[in-house]
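Below is one structure, written out as structure tokens; the observations come after it.
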Amino acid sequence: TPKVMKESKNKIKVEFDRTPLKERMKAKFLNLYFFQQVAWYIFRLVLLIGISYIVLYPFFTKIAGSFMSPEDFVDVTVRLIPKHFTLDIYKAVLTELKYAEAFRNTFIISMLCGVLQTFVCCLIAYGLAKFRFRGNKLIFTAILVFMMIPGQLSLIGFYNLCTKLKLVNSYIPLIVPAVAAPGTVFFLRQYILSVMPPALVEAARIDGASELYSFHRIALPIMSPGIATMAIMAFIGNWNNYLLPMIILNKNEKFTLPVMMATLKASTDIQRNQGAIYLAVAISVIPILIVFCFCSKYIISSISAGSVKE
């Protein structure tokens, strides 16, 4: 209860009786709300630990398998900790298997596909979103139709075309078709319509700016979250691409990482190559994890764009 103590004419001092510490601790911790918060915190912690275990366990098994000897792979008692610790697999992967060449080939293809696909699809999406011309809706409908057609249906015809053009064992059939991605055009068009008001482009046109100037100086900065998202998706998709490189590439020095790992798995000496497969898979995932960790904020911002209307 407060006690009013008058000190002077213009000042009034008020004192409160403090509740004992023991009673305050009881009121803070021994209540239903506190137990609900603790239970919810424990549930979230257990859930996150379980999800992390499910996601990271395969990666840990690949790392542990890269240090195992061939005898450990046939020993049913060996789980994660190898009995015969060895680094021979690392030497074999870096020297005999030419892993560095496959890594370089995959990185070059993925980077070129990501950059070219994103830029070209940005131009197409900007044109479909900001220009009104005859056939606009027809082109957009055709893009939606091509999105529904599986790419595997055209593999035989595409391989025959590459054979006639003498493009087998070349990276051109892997890069050029990836530039035209209907899914990327569709996503970027919808993204432009949701985040870019028409008044910006119209104001630039009134000021005398060309269309390419408006695209590079106005549209691209606004579209940067969506562009980063599609670039990441294109990089990951081409990094993990297996079917088309397997058909087009026949020389070992041209192999990408998925094709090289498939040749290891198809080898008759599975016991010897099992550790190399584990190591190759583990290392191939690292660039994808790095790209996602540094660029995940762009993915989140692009997904949330347009969710709030002003």
When you group the ILVMFWY residues by side-chain heavy-atom contacts below 4.5 Å and let the links chain together, are [Y] and [X] in the same group?
X      : Y      : value
Ile175 : Val115 : no
Val179 : Ile227 : yes
Met196 : Ile124 : yes
Phe187 : Ile149 : no
Tyr242 : Val168 : yes

Any side-chain heavy-atom pair from [X] and [Y] closer than 4.5 angstrom?
X      : Y      : value
Leu144 : Met147 : yes
Phe158 : Pro173 : yes
Cys122 : Phe215 : yes
Leu200 : Ile222 : yes
Ile109 : Cys113 : yes
Leu153 : Pro150 : yes

How are the rings of [X] and [Y] set relative to one another: parallel (under 30°), tilted (30 to 60°) or perpendicular (over 60°)?
X      : Y      : answer
Phe103 : Trp239 : perpendicular
Tyr53  : Tyr57  : tilted
Phe140 : Phe186 : parallel

Decide if atom [atom1] of [X] counts as having more than 12 heavy atoms of other residues, nucleotides or ligands within a radius under 6.0 Å.
X      : atom1 : result
Met111 : CE    : no
Ile156 : CD1   : no
Phe85  : CZ    : yes

- With the threshold set at 4.0 Å, does a side-chain nitrogen-carboxylate oxygen contact exist between Glu211 and Lys130? no

- Pair Met230-Cys121, side-chain contact (heavy atoms from CB on, under 4.5 Å): steps then yes or no: CA-CA 10 Å; Met230 289 295 100; Cys121 291; over 6 Å; no

- Message: Between Leu244 and Leu155, is the side-chain contact (heavy atoms from CB on, under 4.5 Å) condition met? List the steps.
- Response: CA-CA 8 Å; Leu244 190 58; Leu155 277 179; 3.9 Å; yes

- Message: Can you tell me how far apart CZ (Arg189) and CD1 (Ile139) are? Round to the nearest 0.5 Å.
- Response: 11.0 Å

- Query: So, does Asn169 use its side chain to make a donor-acceptor pair with the main chain of Leu249 at under 3.5 Å?
  - Reply: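 No; zero donor-acceptor contacts below 3.5 Å.
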
- Task: Give a yes or no on whether the backbone of Phe107 and the side-chain of Ser110 come within a donor-acceptor separation of less than 3.5 Å.
- Result: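 Such a contact is absent between Ser110 side chain and Phe107 backbone.
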
If you look at every heavy atom in [X] and [Y], which pair is closest and at what distance?
X      : Y      : result
Ile172 : Pro177 : O-CD, 3.7 Å
Gln117 : Thr184 : OE1-OG1, 3.1 Å
Thr106 : Ala102 : OG1-O, 2.8 Å
Asn241 : Leu243 : OD1-N, 3.8 Å
Phe146 : Pro182 : CB-CG, 4.1 Å

- Message: I'd like to know whether Asn238 forms a side-chain contact (heavy atoms from CB on, under 4.5 Å) with Thr256, so could you lay out the CA-CA distance, the side-chain angles of the two residues, the decisive distance to 0.1 Å, and finally the verdict.
- Response: CA-CA 10 Å; Asn238 288 280; Thr256 58; over 6 Å; no

- Which is it for Ile248 and Tyr171 under the side-chain contact (heavy atoms from CB on, under 4.5 Å) test, yes or no, and what are the steps along the way? CA-CA 8 Å; Ile248 299 298; Tyr171 295 146; over 6 Å; no

- Item | Passing candidate, side chain to side chain contact (heavy atoms under 4.5 Å, CB included) with Tyr126, options Val201, Leu188, Leu220 | Val201

- Arg205 charged N/C atom sitting above Phe131 aromatic ring, 6.0 Å / 45°: yes

- Task: Sorted by first residue and then second, give each side-chain hydrogen bond (donor to acceptor under 3.5 Å, both in side chains) pair with at least one member in residues 135-160; sequence neighbours left out.
- Result: none

- Message: Going by the rule salt bridge (Lys or Arg N to Asp or Glu O under 4.0 Å), which residues pair with Arg217 if we only count those two or more places apart in sequence or in a different chain?
- Response: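 Residues passing salt bridge (Lys or Arg N to Asp or Glu O under 4.0 Å) with Arg217: none at all.
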
